[in-house]
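Basis for what follows: all heavy atoms, side chains included, without hydrogens, waters or symmetry-related copies.
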Amino acid sequence: GLRFIELVWSIIVGNGLTIDAATHCRLDWSPSHPWGWPIMNPYQPGQPLLEVMPRLQEHLKLQGPLSELTVYGSLNSIVRETQSRPPFAPNQHPTDQDHIHMEACHFLRLAYAWFSEQFDLEALQSWQWYNWLNRHGPNVETVLSYNYDLVLEKAFRIARLGKVYGWTRQNPVFGPGLTHAPAEIYVDELPGDRRVIHIAKPHGSCNFSGWV
């Protein structure tokens with residue numbers, strides 16, 4: 001008799017997925033240029049969020065117009081001094097670069113969370129990649145995502161697909177001496193979900209734990 005092989009998928013997603021979703025939802029913001037997004041301080045009406053982080057703001061303005069700065073190009077100069085050591089190293093006085101580094105982490109976490117919320121769920125339901133996930137999602141086992149935003153996760157939820165992240169704390173953190181924090185597991189599973197899919201995000205995610 002005939003034998004049918006059930007396909008099992010592992011997929012890799014990057015910035016192109018989010019750009020395609022933004023185009024579909026008619027959003028004018030690119031995930032590659034977060035510094036110029038119109039994000040306001042929720043505690044001070046009319047104040048841009050970046051003004052709350054003056055060291056970071058000054059550092060970025062020296063590089064050019066905020067709307068033209070790419071996230072990775074700017075981060076390269078921000079983390080250059082801390083690639084071989086953690087920011088705010090124990091028993092050392094923090095440098096101005098340390099403060100800029102931490103302000104950038106805080107800003108980007110808030111920025112990509114804000115950006116993710118700009119995607120309308122109804123609009124995403126007619127997106128070509130949502131249609132693919134809705135059809136093939138139950139056969140997807142793992143996803144490797146390089147995106148800091150949550151566009152893929154939003155598509156998962158409306159397709160009734162749960163998710164689990166392996167861990168979010170991957171770096172040495174502050175403490176008595178230099179210690180490692182235990183792994184944290186994030187699970188999103190609701191009754192009626194057709195599958196729970198493991199997502200690995202080696203670059204981090206805006207819904208992961210932060211240090212500041």
Asp193 vs Arg157, salt bridge (Lys or Arg N to Asp or Glu O under 4.0 Å): CA-CA, chis, key distance, verdict: CA-CA 9 Å; Asp193 280 350; Arg157 178 40 53 214; 2.8 Å; yes
If only side-chain N and O atoms count, and only distance matters, is there a donor-acceptor pair under 3.5 Å linking Asn15 with Thr18? no
Measure the CZ-NZ distance between Phe119 and Lys154 for me, rounded to the nearest 0.5 Å. 8.5 Å
Run the side-chain contact (heavy atoms from CB on, under 4.5 Å) test on Val52 and Phe107 for me, step by step, so that the C-alpha distance in whole Å, both residues' side-chain angles and the decisive distance to 0.1 Å come before the verdict. CA-CA 9 Å; Val52 183; Phe107 177 84; over 6 Å; no
Roughly how far, to the nearest 0.5 Å, is the CG atom of Leu56 from the CD1 atom of Ile78? 5.5 Å
Report the relative orientation of the aromatic rings in Trp37 and Phe115; use parallel for angles under 30°, tilted for 30 to 60°, perpendicular for over 60°. parallel
Do Ile199 and Glu153 come within less than 4.5 Å of each other through their side chains, counting heavy atoms only? yes
Does Val71 belong to the same Ile/Leu/Val/Met/Phe/Trp/Tyr cluster as Leu62, with side-chain heavy atoms less than 4.5 Å apart forming each link? no
Count I, L, V, M, F, W, Y as connected when their side-chain heavy atoms are under 4.5 Å apart, and connections chain through other members. Are Leu161 and Leu121 then in the same cluster? yes
Could you tell me if the side chain of Lys201 sits less than 4.5 Å from the side chain of Tyr165, heavy atoms only? yes
Does atom CD of Gln128 have more than 12 heavy-atom neighbours, drawn from other residues, nucleotides or ligands, at distances under 6.0 Å? yes
Minimum side-chain heavy-atom gap Asp188-Val196 below 4.5 Å: no
Check whether Leu69 and Ile19 end up in the same hydrophobic cluster, where Ile, Leu, Val, Met, Phe, Trp and Tyr are linked by side-chain heavy atoms less than 4.5 Å apart. no
Please state whether the rings of His136 and Trp132 are parallel, tilted or perpendicular, taking 30° and 60° as the class boundaries. tilted
Measure the spacing between CG of Leu17 and OG of Ser145 and express it to the nearest 0.5 Å. 8.0 Å
Among the clusters formed by ILVMFWY side chains lying less than 4.5 Å apart, do Tyr72 and Tyr148 turn up in the same one? yes
Residue pair Leu75 / Leu108, side-chain heavy-atom distance below 4.5 Å: yes
Ignoring hydrogens and angles, state whether a donor on the side chain of His24 or Ser126 is under 3.5 Å from an acceptor on the partner side chain. yes
Whether the side chain of Thr95 engages the backbone of Asp98 through a donor-acceptor N/O pair (distance < 3.5 Å, no angle test) should be reported. yes
What distance separates Tyr130 OH from Leu124 CG, expressed to the nearest 0.5 Å? 9.5 Å
Min side-chain heavy-atom separation Pro31-Asn147 under 4.5 Å: no
Can you see whether Gln97 engages His101 through a side-chain donor-acceptor pair at a distance of less than 3.5 angstrom? no
Any chance you could lay out the side chain to side chain donor-acceptor pair (under 3.5 Å) test for Tyr112 and Glu117, step after step, and finish with the verdict? CA-CA 9 Å; Tyr112 280 100; Glu117 289 303 306; over 6 Å; no
Side-chain touch Ile12/Tyr146, heavy atoms, less than 4.5 angstrom: yes
Before giving the answer on side-chain contact (heavy atoms from CB on, under 4.5 Å), spell out for His33 and Ser67 the whole-Å C-alpha distance, their side-chain angles and the decisive distance to 0.1 Å. CA-CA 6 Å; His33 299 81; Ser67 61; over 6 Å; no
Do Ser74 and His59 have a side chain donor and acceptor closer than 3.5 Å? no
Check whether any side-chain heavy atom of Leu152 sits under 4.5 Å from a side-chain heavy atom of Leu133, and report yes or no. yes
Does a side-chain N-to-carboxylate-O contact under 4.0 Å join Arg195 and Glu141? yes
Once rounded to the nearest 0.5 Å, what's the spacing between atom CD1 of Ile197 and atom CZ of Phe156? 4.0 Å
Trp114 reachable from Tyr43 in the ILVMFWY side-chain graph, under 4.5 Å edges: no
Under 3.5 Å, is there a donor-acceptor pair linking the side chains of Thr142 and Ser10? yes
Apply side-chain contact (heavy atoms from CB on, under 4.5 Å) to residues Ile39 and Leu110 and explain how you reach the verdict. CA-CA 9 Å; Ile39 311 173; Leu110 295 172; 6.0 Å; no
Any non-hydrogen side-chain atom of Leu144 less than 4.5 Å from a side-chain atom of Val13? no
Output the distance between atom CD (Glu58) and atom CG (Asp96), rounded to the nearest 0.5 Å. 10.0 Å
